[in-house]
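Not measured: the values here are computed from a predicted model. Here is how names work: the chains are called A, B, and so on, in the same order as the sequence lines, proteins then strands, and each is numbered from 1.
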Amino acid sequence: MEPLLVVLQGLPLTLIVSIGSFIVGAILAVPLSLGLRTSILPLRLICRLVVDLLRGVPMIVWLFVLKFGISSPEFRLTSLEAALLGLGTISAGYLAEIYRAGLQTVPRGQYEASQALGISRPIAFFRIIAPQAVRIVSPTIATYFIGLLKNSSIASTIIVAEMVFQAQAYARQNLSISGVLPYVFAGLLYIALSVPIAMASRSLDERLRKSVI
Amino acid sequence: MDTQRNESEDFMLELGAITKSFGKNTILHQVSLRVRKGEVCSIIGPSGAGKSTLLRCINLLEQPDSGNMSLNGNFYDVSFPLRQDELLSLRRTCGMVFQSFNLFPHMTVLQNVVFPQRHVLRRNESEAREVALKLLDRVGLKNKASSHPTQLSGGQQQRVAIARALALEPKLMLFDEPTSALDPELAHEVLDVMRELADSGMTMVVVTHEMNFARTVGDHLVVMADGHKIEEGIPEAIMDHPQQSRTRQFLSAVNH
Ligand SMILES: Nc1ncnc2c1ncn2[C@@H]1O[C@H](COP(=O)(O)OP(=O)(O)O)[C@@H](O)[C@H]1O
Ligand SMILES: [Mg+2]
């Protein structure tokens, strides 16, 4: 049972990194997705470029750049900060694209009805358009989050002591026992976390869709 | 001087030489229109005539290229985009009902009518609810208040859309083919609501293919073709004795 307990010690950081970077990404993706749809051409091109770069850069490279590339004496990111920022910005790229797709499915008539009623643009966006868009892409967002949960293990490479990091450390120190056991436990924990999310998102999806489509 | 002012006070809406183009295509050619207070003005004409575009120029869902407008005593030069506060106050004066209803699908029927009141008129929740329930009752849908729009028939959705617009106490109601997406059995329940609204004294501009409605409820009839107003007058007179050949063609097409 010792390897399981060791891996479990990594669980909080796995959750912090995945949930934290998801929140960072979900917030940063709002202005980015608006930028992808703006009629101001230079702004749209810049946002497009940023999104494509964030989606194109390998996570591990981006984490190394943030952790070890910024090394001025007065400013340096901790491992956790680098992980949150790195995975957060990459998530922003993916989520911006998902939001954009969702916004595109909201019929023009919804904007027009809001305008005709004299509802201001920000309120129309946040209370009428965005909720419908999010409902439509909520399964895609859940799928992305499950991927992010698993990808949070990449943070082990910049010394964030999450589950895979703990498994690795234990395996290295206990070669004689069974090197693979901690990894098996880590794998089972990832599955135990993602299956309920997938199930919840499916049932949520059915309910939400009923009220939109 | 005095008579002039009195005369212009009789009008809820005056459009002066509204011109609108999309790219190189001019869709509206200097269209002018006057609608008296309490009057029901119907606009008919073949598809593509520019009827919807004209209606959408009134509440500036489309920005005209040039023209002017007087609405409820306020004068607007619409050759240029209005300031945001002017635009919002103009839109507050007009209610609009669309062919495709455009209810908010993520809100209940009640919320659809409450939400705009809260944000546009800043009414408090209980007052907004009270107004909403009264209006839903008026359109015969009080019992559907907690349903979602998708659970309603098209005719019911359109009646909710009318209630939603009325909740903001508009001075002028704009209808863009409100029954064109509906089966005839459902259209009449919407037309009944519109008839009642007209009887209550609401000023209305109605783009429609319902000739019977235009004849029996309408006070004034405008015929449009190719971005021009080609004929206007008393509905019976135009329907029975059209002066323009395009009007005759159009009327014989809808009557068969
Ligand atoms: N947003 C738009 N962009 C380009 N052309 C448009 C647009 N809206 C309408 N039109 C064109 O304007 C003309 C008049 O359209 P519309 O006002 O919808 O006519 P109606 O309501 O009388 O059928 C049509 O030829 C249509 O193709
Ligand atoms: Mg039309």
Query raised in the report: Should we say atom CZ of B:Arg129 is surrounded by more than 12 heavy atoms from elsewhere, each under 6.0 Å from it?
Result: no
Query - Under 4.5 Å from any heavy atom of chain A - which part of B:Leu174 - result: neither
Query raised in the report: Say you draw a straight line from CZ of B:Arg118 to CD1 of A:Ile119; how long is it, rounded to the nearest 0.5 Å?
Result: 12.5 Å
Query raised in the report: Hey, which of B:Asn59, B:Thr108, B:Val97, B:Leu61 has the most heavy atom pairs under 4.5 Å with chain A?
Result: B:Leu61
Query raised in the report: Is there any residue in residues 142-168 of chain A with a non-hydrogen atom under 4.5 Å from a non-hydrogen atom of chain B, and which ones are they?
Result: none
Requested in this report: Assess whether atom CD of B:Gln63 is packed by more than 12 heavy atoms of other residues, nucleotides or ligands within 6.0 Å.
Outcome: yes
Query raised in the report: Side chain, backbone, both or neither: which part of B:Phe115 has an atom under 4.5 Å from a heavy atom of chain A?
Result: side chain
Query - Region of B:Phe98 in contact with chain A, defined by heavy-atom distances below 4.5 Å - result: side chain
Report task. Identify the residues of residues 87-118 of chain A whose heavy atoms come closer than 4.5 Å to a heavy atom of chain B, ordered by number, or report 'none'. Result -> A:Arg108, A:Gly109, A:Gln110, A:Glu112, A:Ala113, A:Ser114, A:Gln115, A:Ala116, A:Leu117, A:Gly118
Query raised in the report: For chain A, which residues from residues 76-94 of chain B lie under 4.5 Å away (heavy-atom distances)?
Result: B:Leu88, B:Arg91, B:Cys94
Requested in this report: Could you list which of residues 151-173 of chain B have a heavy atom closer than 4.5 Å to any heavy atom of chain A, in residue-number order?
Outcome: B:Arg164, B:Ala165, B:Leu168
Query raised in the report: More than 12 heavy atoms of other residues, nucleotides or ligands under 6.0 Å from CZ of A:Arg37: is that the case?
Result: yes
